[in-house]
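Here is the structure we will look at.
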Amino acid sequence: LIFERQSDNPPHHVDCVDVAPEIAILRSEVVEIPMIGEDDYGMKELSVEWECWKRDGTNLVKKGGGVLARFKPRILSGSSTFLFDPGDKALNLPESTVVNVYAVAKDYYRTDRKERSLPVKIHILSPEEHAQLIQQNLESKMAELDDLVRRQENLLDATQETQEMDPEEQNKDQTTKKIGRQEQEQKSIADKLKQLSEEIKELTMEALKNKEMDPTDLAKMAENAQKMQELAEQQMKQAQQSLQQAQQNEQEREENLDDAAKKEEEALEELKEMQEKTAEDMQNMYANTLVKRLRKIAKFEEDIARDFQENFTKLIGRRIVELPDHVRNIVNDAYGFQGIYSRKANGLQDEISRFYDATQDEKFGKVTKDMAEYRPAEKMEANAGLIIKNHTGKVIEGSKKLAKKFNEWADTLDPQDDGGGEGEGEGEGEPNEDLIARLKELLRLRQAEMDLRDKTLRLDAEAGVKAREKFEE
């Protein structure tokens, strides 16, 4: 009788499934992360571990984990779902951080060992970062709209060229095939426009998660998406049908081509009008986003001044190594983030300058000139040098001055502060008031949903504590 020793490796498969390897969410959102584990001889438990990093992944903020499920011997596989909630009443993780979430599996081996999955990387965005992401996604959608305008122009040119042929040339097989290609092109443009409409609707729903987003901006997004869908289903569809009839019926080809060209031209005019209006809406939304980002940097500087003032007696006259741990962490964070925000300020200054070049807006011209003279990024770097040297008084003074300047620039650009502009652009450019009301109602319903979720999580936690107490008794 021969016995062969079989190797027993750690659980050979553990993974986070049905979730992208890298995602970005707001702090108010909850993400479900399904996890699975398998072992040839038996799974013992499936757990979760997470690590929260800040300052571009250089500093560990917090870490944690817990058991999701335990299994009896000889159960070879198991699964469970981890609810990732960074909010105050759950994990309480700060904004502008990155969290790595791992599924962890243990088997029944005699020593305690485990296997970790590849991480799911979750970016917890601030409202300003989220708004900027929405803005960038919208810009890419508008580039697709520009491409559709170009395609519709080319299609109209081709249809008009076919119109101008003499009757004998129009009735040739080659012309019939050409009309068939035009019909397919009109269908393709309409399908793409409908797809673009759905994608913009999805972006609008994503933007609804952000309380900082202007409801008027969201209403304009939703209105544009609706117009795109209507255009695809009306004029473009009618033009396609006329081309189809022109291809199939030689006797009425000239009349059908006339109808097709007319509908194509109507569609093109609406597309161009939509393109122009959307470009204006995008500029307004971009301006709002730039204002929020300026205020975000201002708030960061205000927080530095406040932290150094509150800990003034613990900071004054001491070297960094002599500070209490929690105060030293405040200084290190202020120094590290000052460098990060100085780079953001530099990029923001470039964007504001480019926006002025594109629009010649006087407000942006004033801020562009003032930022060029003030050089905020350089002053922030200088303030970082004062922080690491613990020149407490100068740090407080420098941070307050920086915060004041960033708030001044934001106030200059903020469209809400632009008095005297009423009457111009009012009426036709304004979104539907009913649509704004519906979007506000959606925001209210979403807040109610989040409140309900928080209550449910608290009740679940209390039930878990009571169950554990009962088990211990």
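Note that these values count all heavy atoms, side chains included, but never hydrogens, waters or copies made by symmetry.
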Do you see a donor-acceptor pair shorter than 3.5 Å between the side chains of [X] and [Y]?
X: Gln132; Y: Thr289; result: no
X: Glu32; Y: Thr81; result: no
X: Asn284; Y: Asp217; result: no
X: Lys201; Y: Gln229; result: yes
X: Gln238; Y: Lys263; result: yes
X: Thr359; Y: Gln283; result: no
X: Gln160; Y: Glu264; result: no

Compare all side-chain heavy atoms of [X] with those of [Y] and state whether any distance is below 4.5 angstrom.
X: Glu51; Y: Val101; result: no
X: Lys379; Y: Leu402; result: yes
X: Lys299; Y: Arg295; result: no
X: Val104; Y: Val48; result: no
X: Asp214; Y: Leu218; result: no
X: His326; Y: Asn311; result: yes
X: Pro376; Y: Ile297; result: no
X: Trp53; Y: Asn100; result: yes

Applying the salt bridge (charged side-chain N to carboxylate O under 4.0 Å, His left out) criterion to Glu95, which one of Arg27, Lys296, Lys54 satisfies it?
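That would be Lys296; it is the only one of Arg27, Lys296, Lys54 passing the salt bridge (charged side-chain N to carboxylate O under 4.0 Å, His left out) with Glu95.
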
Tyr286: which residues meet the ring pair (Phe, Tyr, Trp, His ring centres under 6.0 Å) condition with it, sequence neighbours left out?
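Here the qualifying residues are Phe355.
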
May I have the list of side-chain donor-acceptor pairs in residues 312-323 shorter than 3.5 Å, sequence neighbours left out?
unit_1 : atom_1 : unit_2 : atom_2 : d
Arg319 : NE     : Glu322 : OE2    : 3.3
Arg319 : NH2    : Glu322 : OE2    : 3.3
Glu322 : OE1    : Arg319 : N      : 3.1

Backbone N/O of [Y] and side chain of [X]: donor-acceptor pair under 3.5 Å:
X: Asn224; Y: Lys220; value: yes
X: Ser342; Y: Gly339; value: yes
X: Ser399; Y: Ile396; value: no
X: Ser79; Y: Ile36; value: no
X: Asn210; Y: Pro127; value: yes
X: Asp15; Y: Val17; value: no
X: Ser197; Y: Leu193; value: no
X: Lys389; Y: Ala384; value: no
X: Thr278; Y: Gln275; value: no

Sequence neighbours excluded, every pair satisfying ring-ring contact (aromatic ring centres under 6.0 Å, His included) that has a member inside [range]:
range: residues 79-102; result: none
range: residues 374-396; result: Tyr374-Trp409
range: residues 193-212; result: none

According to the salt bridge (Lys or Arg N to Asp or Glu O under 4.0 Å) rule, which pairs have a member within residues 285-294, sequence neighbours left out?
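Sorted result for residues 285-294: Arg293-Glu351.
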
Could you report the tightest heavy-atom contact between Pro94 and Cys52, atom names first, then the distance?
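Between these two residues, the closest heavy atoms are CD-SG, 4.3 Å.
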
If you look only at pairs with a residue in residues 147-156, which of them pass as a side chain to side chain donor-acceptor pair (under 3.5 Å), with sequence neighbours excluded?
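Residue pairs passing side chain to side chain donor-acceptor pair (under 3.5 Å), neighbours aside: Asp147-Arg150, Arg151-Glu185, Arg151-Ser188, Gln152-Gln186, Glu153-Lys272.
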
Could you work out, with side-chain contact (heavy atoms from CB on, under 4.5 Å) as the rule, every residue matching [X], not counting sequence neighbours?
X: Lys366; result: Thr412
X: Glu206; result: Glu29, His130, Ile134, Lys209
X: Glu397; result: Lys401
X: Glu129; result: Ser96, Leu125, Ser126, Lys344

Evaluate salt bridge (Lys or Arg N to Asp or Glu O under 4.0 Å) for Lys405 paired with Glu408, printing each intermediate quantity in order.
CA-CA 5 Å; Lys405 289 301 291 184; Glu408 282 177 4; 3.5 Å; yes

Plane angle bin for Phe300 and Phe337 - parallel if under 30°, tilted between 30 and 60°, otherwise perpendicular
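Judged by the thresholds at 30° and 60°, the geometry between Phe337 and Phe300 is perpendicular.
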
Atom pair CG/CD1 of Leu93 and Ile124 - distance to nearest 0.5 Å:
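Here the rounded value is 4.5 Å.
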
Report the C-alpha distance between Asp281 and Lys277 in whole Å, list the side-chain angles of each, state the deciding distance to 0.1 Å, and finish with yes or no for salt bridge (Lys or Arg N to Asp or Glu O under 4.0 Å).
CA-CA 6 Å; Asp281 293 343; Lys277 185 177 181 300; 3.2 Å; yes

Quick one: salt bridge (charged side-chain N to carboxylate O under 4.0 Å, His left out) partners of Asp18, sequence neighbours excluded?
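For Asp18 there are no salt bridge (charged side-chain N to carboxylate O under 4.0 Å, His left out) partners, ignoring immediate neighbours.
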
Quick one: do Asp303 and Arg306 make a salt bridge, cutoff under 4.0 Å?
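Counted as a salt bridge, because a side-chain N and a carboxylate O are separated by less than 4.0 Å.
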
Quick one, Gln240 with Lys187, criterion side-chain hydrogen bond (donor to acceptor under 3.5 Å, both in side chains). Give me CA distance, side-chain angles, the key distance, then yes/no.
CA-CA 6 Å; Gln240 180 199 340; Lys187 182 179 184 301; over 6 Å; no

